[in-house]
Visitor: 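Handing you this structure, nothing more for now.
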Amino acid sequence: MTFISLGILVVAFGASLLKGRPFGIKALKAIFIVAAAAIFSLLIYYSYQQYAVWQSAEPTKFLLPPYQSANYFIKYIGARFFAPYFISLLAGIIFFFIARKMNKKYEERFFEQEELWLGALALFIVGWPGLLFYFIGLILIYLIIHTLYFILNTSSVRISLYYWWLPLAIFVILINKWLMGLGVWRLLKI
């Protein structure tokens, strides 16, 4: 999953560099849809592989039909494979619609149009609980940039995270192995 996620983010970062062109928004929207289809297709494949492994082993075949209800397997793959990405997809969609509404209400003051798709894509791709670490990192980066602008006495400058959405998501995915060792990660894992 890591290589697919990183590949999607690199392609999206390339599309985000097309800033200012209508193709950029269309490309990011298409990348978001393709990313969702690719990740959920891969999760279906993982589910099939899990079923095949359980069916071939003596003790685990008793967890599958006809020995058990299919509900056990469905709950297992749902919690193990699908739930983290359903949560992150929901977070990405909620971010997109709230950010778009707030942006319209305050005359495009907060985000550029591409940022809505970049944020939604990044939140979705990092998965759960990675999106919490991603969000914390995004806030820290914003505060650092804001503090630097304040120290340099730059007045009334709009601070954009346009070029930070995807690189930070790539960073969070790359440090996932380290994050998994943290007790907080294990508490948040479904």
Side-chain angles (χ1 to χ4, degrees), residues 1-13 15-16 27-100 115-139 165-190:
M1 187 71 78
T2 301
F3 293 116
I4 290 176
S5 298
L6 289 174
I8 291 167
L9 289 172
V10 167
V11 168
F13 187 63
S16 74
L28 291 171
K29 184 177 181 179
I31 290 169
F32 183 85
I33 293 168
V34 168
I39 286 177
F40 284 109
S41 296
L42 188 59
L43 293 175
I44 290 169
Y45 174 73
Y46 286 166
S47 301
Y48 170 76
Q49 291 293 90
Q50 185 71 55
Y51 187 87
V53 167
W54 280 13
Q55 194 174 33
S56 65
E58 189 60 37
T60 55
K61 76 177 184 179
F62 294 108
L63 297 173
L64 300 172
Y67 305 104
Q68 286 284 338
S69 164
N71 290 339
Y72 178 78
F73 182 73
I74 292 169
K75 287 178 186 176
Y76 178 83
I77 63 167
R80 181 101 176 179
F81 299 139
F82 289 92
Y85 284 100
F86 276 132
I87 292 170
S88 64
L89 178 63
L90 184 62
I93 291 170
I94 289 171
F95 163 79
F96 180 85
F97 286 110
I98 289 175
R100 186 172 72 175
E115 282 187 273
L116 303 175
W117 288 105
L118 294 173
L121 178 67
L123 287 169
F124 169 59
I125 294 288
V126 296
W128 175 265
L131 69 93
L132 292 178
F133 293 95
Y134 173 78
F135 189 65
I136 291 168
L138 201 63
I139 290 171
W165 291 101
L166 299 179
L168 183 62
I170 291 169
F171 177 73
V172 169
I173 290 172
L174 290 174
I175 65 167
N176 261 351
K177 295 280 186 205
W178 178 77
L179 290 173
M180 286 179 191
L182 297 177
V184 174
W185 184 280
R186 284 187 240 131
L187 286 174
L188 295 170
K189 191 75 176 159
I190 295 176

Visitor: Taking the six-membered ring for Trp, are Phe95 and Trp165 parallel (under 30°), tilted (30 to 60°) or perpendicular (over 60°)?
Guide: tilted
Visitor: Using the ring centroid of each side chain, check whether Phe133 and Trp178 are separated by less than 6.0 Å.
Guide: no
Visitor: Might you point out which heavy atoms bring Gly127 and Tyr85 nearest each other, and give the distance in Å?
Guide: CA-CE2, 4.1 Å
Visitor: State the CD1-CD1 distance between Ile175 and Ile170, to the nearest 0.5 angstrom.
Guide: 13.0 Å
Visitor: So do the side chains of Ile39 and Ile125 get within less than 4.5 Å of each other, counting heavy atoms only?
Guide: yes
Visitor: Counting only heavy atoms not in Lys29 (residues, nucleotides, ligands), do more than 12 fall under 6.0 Å from its NZ?
Guide: no
Visitor: Classify the angle between the aromatic ring planes of Phe73 and Tyr51 as parallel (below 30°), tilted (30 to 60°) or perpendicular (above 60°).
Guide: perpendicular
Visitor: List the atom of Leu116, the atom of Ala99, and the distance in Å for their closest heavy-atom pair.
Guide: CD2-CB, 3.4 Å
Visitor: Do Phe96 and Leu121 have side-chain heavy atoms sitting under 4.5 Å apart?
Guide: no
Visitor: What do you reckon, are the aromatic ring centroids of Phe81 and Tyr45 less than 6.0 Å apart?
Guide: no
Visitor: Supply the atom-to-atom distance Leu118 CG to Leu168 CG, rounded to the nearest 0.5 angstrom.
Guide: 12.5 Å
Visitor: Say you draw a straight line from CG of Leu90 to CG of Leu123; how long is it, rounded to the nearest 0.5 Å?
Guide: 11.0 Å
Visitor: Are any of the side-chain heavy atoms of Leu131 and Val172 separated by less than 4.5 Å?
Guide: no
Visitor: May I have the step-by-step check of ring pair (Phe, Tyr, Trp, His ring centres under 6.0 Å) for Phe40 and Phe86, ending in yes or no?
Guide: CA-CA 9 Å; Phe40 284 109; Phe86 276 132; 5.0 Å; yes
Visitor: Taking side chain as C-beta onward, heavy atoms only, is Leu63 less than 4.5 Å from Tyr67?
Guide: no
Visitor: Please tell me if the side chains of Ile4 and Leu42 come closer than 4.5 Å, counting only heavy atoms from C-beta onward.
Guide: yes
Visitor: Does Phe171 have more than 12 heavy atoms from other residues, nucleotides or ligands lying within 6.0 Å of its CZ?
Guide: no
Visitor: For the residue pair Leu64 and Gln55, what are the closest heavy atoms and their distance?
Guide: CD1-N, 3.6 Å
Visitor: Compare every heavy atom of Leu28 with every heavy atom of Trp117, then report the nearest pair and how far apart it is.
Guide: CB-CB, 3.8 Å
Visitor: Do the side chains of Phe82 and Ile44 get nearer than 4.5 Å, heavy atoms only?
Guide: yes
Visitor: For Pro65 versus Ser69, what's the shortest heavy-atom pair and its separation?
Guide: CG-C, 4.4 Å
Visitor: State, to 0.1 Å, how close Val53 and Ser56 come at their nearest heavy-atom pair, and which atoms those are.
Guide: O-OG, 2.9 Å
Visitor: Using the rule given for side-chain contact (heavy atoms from CB on, under 4.5 Å), can you reason through Ile173 versus Leu9, listing the C-alpha separation, both sets of side-chain angles and the distance that settles it, and then say yes or no?
Guide: CA-CA 10 Å; Ile173 290 172; Leu9 289 172; 3.5 Å; yes
